[in-house]
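Presented below is the structure to which this report refers.
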Amino acid sequence: MKKLLTIVLLCWCVGCAYSARAVDPVKQYGQLQVKGAQLCDQQGQPVILHGLNLEWDTRWPRMYNKKYMKTLKREGQYPLLRLAMEVSEGNGYLAHPQQAMACLKPVIETAIKQNIYVIIDWHANSMHTQEARQFFGEIAQRYGRYPHIIYEIYNEPIEETWTSIKKYASEVISEIRRYDPDNIVLVGCPHWNQDIHLVTNSPLDGFQNVMYTVHFYAATHGDDLRQRTEDAVRQGIPIFISECGAMEASGEGPIDLESEAQWVAMCHRLGISFVKKFLTIHDL
């Protein structure tokens, strides 16, 4: 176990050196762009970003404040944070849009001041097209001029077909591009971001700087999803792992460090950026 943990941590540290433990990541990498299947910096050089996922704003509001953000930067030097804004459950955006925006805005603005990239995650499992357009239109109007912003327009589609997701994505991205022509947009795929092979067969057309999300939980997802992900990259599909962890997909169960080490190694080999759940390697 100690040997395996050492290997995993070495993978983590090597990745940090490659990607990103800069004091001011946005100053270092600038305006991100997609070239082929690769995330690149403003000079067109490949970059891998490692990030930390902040849990739902409605369940973990204590994470959504300036003090916590500054602590994360000081202690972790994270180049990227993912803000998971709950959409439909409990006190989410659909029920209280103004409250949700008030929670997000100080954190986004603190990330911009600290020169950290920030994923704004529409944390939904079902489609709310009009509300998503309204939300991302407002975000793009307010913050689209900053290279810090990454839009994740659909956390984890479950039942929708790839055809319906493509239609949804086209509408939401078109709204974003009214105000922000450049920043990266992340698009989910069916069945909790597992069916990336469907994207391979029919990617979105007519948009630039779009990437597709895969989510893995190492104790649940192994060789099959890794191979599917690698096949997609090899066929030119730009992938961003916007959520992952060492535990089971339920968020519970055993920690599978061996499987996670294989995922991390694959990400570095293929140039895939990834955002880890709050309780994974960083906390061991």
Side-chain angles (χ1 to χ4, degrees), residues 4 7-8 11-12 14-15 19 34 36-39 48-53 80 82 84 119 121 123-126 150 152-166 169 184-204 210-282 284:
L4 178 58
I7 293 171
V8 175
C11 287
W12 176 267
V14 168
S19 74
V34 178
Q38 181 63 58
L39 181 67
I48 301 175
L49 294 177
H50 292 169
L52 184 68
N53 187 88
L80 171 67
R82 181 183 187 235
I119 296 174
D121 164 35
H123 205 82
N125 299 115
S126 58
I150 298 173
E152 185 170 2
I153 63 173
Y154 200 156
N155 169 52
E156 288 183 348
I158 299 177
E159 300 295 337
E160 287 88 3
T161 65
W162 175 234
T163 299
S164 65
I165 295 169
K166 284 179 69 176
I184 303 295
V185 177
L186 305 181
V187 178
C189 61
H191 298 117
W192 295 275
N193 294 335
Q194 308 297 292
D195 290 350
I196 192 64
H197 60 289
L198 300 178
V199 178
T200 303
N201 296 331
S202 180
L204 283 163
V210 170
M211 306 185 78
Y212 303 92
T213 54
V214 169
H215 289 177
F216 77 80
Y217 284 88
T220 298
H221 306 117
D223 289 338
D224 288 347
L225 185 55
R226 280 193 290 270
Q227 188 60 57
R228 187 181 292 178
T229 301
E230 180 159 355
D231 289 345
V233 174
R234 298 297 184 194
Q235 294 182 61
I237 301 299
I239 289 177
F240 198 114
I241 296 177
S242 59
E243 182 178 313
C244 62
M247 70 289 283
E248 293 177 343
S250 65
E252 301 177 353
I255 300 295
D256 191 334
L257 293 176
E258 182 176 359
S259 177
E260 187 179 53
Q262 293 177 47
W263 275 104
V264 170
M266 184 199 73
C267 287
H268 292 307
R269 177 164 50 82
L270 298 177
I272 299 175
S273 297
F274 58 93
V275 181
K276 303 186 69 61
K277 291 287 281 186
F278 189 63
L279 296 176
T280 56
I281 287 176
H282 172 76
L284 295 177

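These figures come from a predicted structure and were not determined experimentally.
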Determine whether [X] and [Y] make a side-chain contact, defined as any pair of heavy atoms from C-beta on separated by less than 4.5 Å.
X: Y212; Y: P203; answer: yes
X: V210; Y: V34; answer: no
X: C189; Y: L198; answer: no

Side chain [X], main chain [Y], donor-acceptor under 3.5 Å:
X: N193; Y: N155; answer: yes
X: W162; Y: S202; answer: yes
X: Q194; Y: W192; answer: yes

Verdict with reasoning, Y217 to M247, per side-chain contact (heavy atoms from CB on, under 4.5 Å): CA-CA 6 Å; Y217 284 88; M247 70 289 283; 3.5 Å; yes

Chi angles and distances behind the side-chain contact (heavy atoms from CB on, under 4.5 Å) call for L270, R234: CA-CA 9 Å; L270 298 177; R234 298 297 184 194; 3.4 Å; yes

I150: which of L186, V185, V275 passes side chain to side chain contact (heavy atoms under 4.5 Å, CB included): L186

Side chain to side chain contact (heavy atoms under 4.5 Å, CB included) partner of P190, chosen from I158, D195, I196: D195

Partner residues of E160 under the side chain to side chain contact (heavy atoms under 4.5 Å, CB included) criterion, sequence neighbours left out: S126, M127, Y154, P157, S164, I165

Residues in side chain to side chain contact (heavy atoms under 4.5 Å, CB included) contact with A37, at least two apart in sequence or another chain: V233

Report the distance from atom [atom1] of [X] to atom [atom2] of [Y], rounding to the nearest 0.5 Å.
X: T161; Y: H191; atom1: OG1; atom2: NE2; answer: 10.0 Å
X: Q262; Y: R269; atom1: CD; atom2: CZ; answer: 10.5 Å
X: E248; Y: T220; atom1: CD; atom2: OG1; answer: 5.0 Å
X: D231; Y: R226; atom1: CG; atom2: CZ; answer: 13.0 Å
X: T229; Y: I241; atom1: OG1; atom2: CD1; answer: 6.0 Å
X: S273; Y: Q38; atom1: OG; atom2: CD; answer: 7.5 Å

Closest contact, heavy atoms only, L225 versus V214: CD2-CG1, 4.2 Å

Where S259 and G222 come nearest, the two heavy atoms and their spacing: OG-CA, 4.4 Å

D224 atom CG, neighbour heavy-atom count above 12 within 6.0 Å: no

Which residues share a side-chain hydrogen bond (donor to acceptor under 3.5 Å, both in side chains) with S242, sequence neighbours left out: E152, H215

Residue pair R228 / T200, side-chain donor-acceptor N/O under 3.5 Å: no

Ring geometry between F274 and H268 (parallel below 30°, tilted from 30 to 60°, perpendicular above 60°): perpendicular

